[in-house]
Amino acid sequence: MEALRAENLYKTYGHGDTEVKALRGVSMVAHPGEVVALLGPSGSGKSTLLTGLGLLNPPERGVIELMGQRVLEDGRAQGDLAALRRSRIGFVFQKSNLIPFLSVHENVRLILTLNDRFGADTHARAQELLEYLGVGHRTGHFPEELSGGEQQRVAIARALAPAPPVILADEPTAALDSQRGRAVMELFRKVAREQGTAVVVVTHDHRTLDVFDTIYEMEDGVLRKVERTA
Ligand SMILES: Nc1ncnc2c1ncn2[C@@H]1O[C@H](COP(=O)(O)OP(=O)(O)O)[C@@H](O)[C@H]1O
Ligand SMILES: [Mg+2]
């Protein structure tokens with residue numbers, strides 16, 4: 001079963017003179033354990049696709065399925081979108097967007113508490129996740145005390161916390177140097193392989209494409225799969 005399936009997504013912003021067709025019939029799939037890269041020039045619709053897939057900014061036409069469950073059909077939510085988002089989708093953005101006045105541990109734990117799935121074990125699970133992502137020594141610190149790379153590791157721990165089948169990351173390494181950027185991409189691959197998560201990453205960094213199983217390219221709201229030459 002696919003972790004994520006999107007069929008024929010359409011999204012238009014504005015109307016008349018200001019109309020922009022940001023998605024024009026986009027289809028894609030991502031399987032459990034697969035790491036997918038999404039390339040394309042600025043303004044081509046990558047963020048619109050990612051926020052569409054993540055149900056933050058639902059497309060007005062098309063179908064989205066998560067783990068075989070239809071969650072969107074022709075712009076209509078099939079269920080409680082907020083609850084689906086919280087439990088089925090992990091987001092990672094260019095900036096870590098951690099809550100500045102909560103410790104690293106509290107940032108991760110908050111998501112577990114909201115999801116109400118880990119009961120009294122939220123403390124241990126948050127610690128375990130942070131250790132898994134290589135920032136176990138930072139749990140008591142505040143976000144501003146961490147490097148950019150460490151903040152992104154915490155953001156990945158938070159995204160992973162509810163054990164979602166899908167993680168969507170929009171230019172997560174754009175603010176990192178190339179070495180730390182690669183380390184983060186490799187971490188996504190490890191998470192995919194070990195947790196069975198499908199990870200979709202928007203990136204401009206062609207040097208890390210070897211990390212990915214599948215590459216898509218977006219241009220003017222149209223998505224195509226890039227065939228790799230070995
Ligand atoms: N909220 C919005 N309102 C109007 N137009 C938007 C909005 N968001 C994005 N767009 C337009 O949609 C197109 C795709 O944008 P976006 O998905 O952000 O592309 P990318 O992430 O590839 O840079 C662009 O032309 C952009 O200007
Ligand atoms: Mg974007």
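Counting starts at 1 for both ligands and their atoms, following the listed order. Counting begins at 1 with the first residue of the sequence. Atom set for the values below is all heavy atoms of this structure, side chains included, hydrogens, waters and symmetry mates excluded.
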If we number the atoms of ligand 1 from 1 as shown, the ones under 4.0 Å from a heavy atom of A22 are 12 (O)
Heavy atoms of Q78 and L72 approach each other most closely as CG-N, 3.9 Å
query: Backbone or side chain, does S42 get an N/O/S atom under 2.8 Å to the Mg ion (ligand 2)?
result: no
With a cutoff of 4.0 Å, is S42 in contact with ligand 1, counting heavy atoms of the residue only?
yes
Nearest non-hydrogen contact to atom 25 (O) of ligand 1 from the set T18, V20, L39, D220 belongs to V20
field: Under 3.5 Å: donor-acceptor pair, side chain of K11, backbone of P58
entry: yes
Whether the Q195 and Y132 side chains hold a donor-acceptor pair (N or O, under 3.5 Å, no angle test) is what I'd like checked.
yes
message = Would you say atom 19 (O) of ligand 1 makes contact with the protein, given that contact here means a non-hydrogen protein atom less than 4.0 Å away?
response = yes
Ranking K46, M218, E219 by closest non-hydrogen atom to atom 22 (O) of ligand 1, top hit is K46
Checking heavy atoms under 4.0 Å, the part of T48 that sits near ligand 1 is both
Among non-hydrogen protein atoms, atom 1 (N) of ligand 1 lies closest to Y13 CE2, 3.8 Å
**Prompt:** Between T18 and Y13, is any side-chain donor less than 3.5 angstrom from a side-chain acceptor?
**Reply:** no
Among S44, G221, S47, G43, the residue with a heavy atom nearest to atom 23 (O) of ligand 1 is G43
N/O to N/O below 3.5 Å, does that happen between G45 and ligand 1? yes
Do Q69 and R88 meet the criterion of a side-chain donor-acceptor pair at a distance under 3.5 Å? yes
Item to complete: Check whether more than 12 heavy atoms from other residues, nucleotides or ligands sit under 6.0 Å from atom NZ of K95, and answer yes or no.
Response: no
Atoms of ligand 1 under 4.0 Å from any heavy atom of P41, numbered from 1 in the order shown, are 22 (O)
Between S147 and E150 (side chain of the first, backbone of the second, donor and acceptor by atom type, cut-off under 3.5 Å), is there such a pair? yes
Is the shortest distance from a Lys or Arg side-chain nitrogen in R86 or D80 to a carboxylate oxygen in the other one below 4.0 Å? no
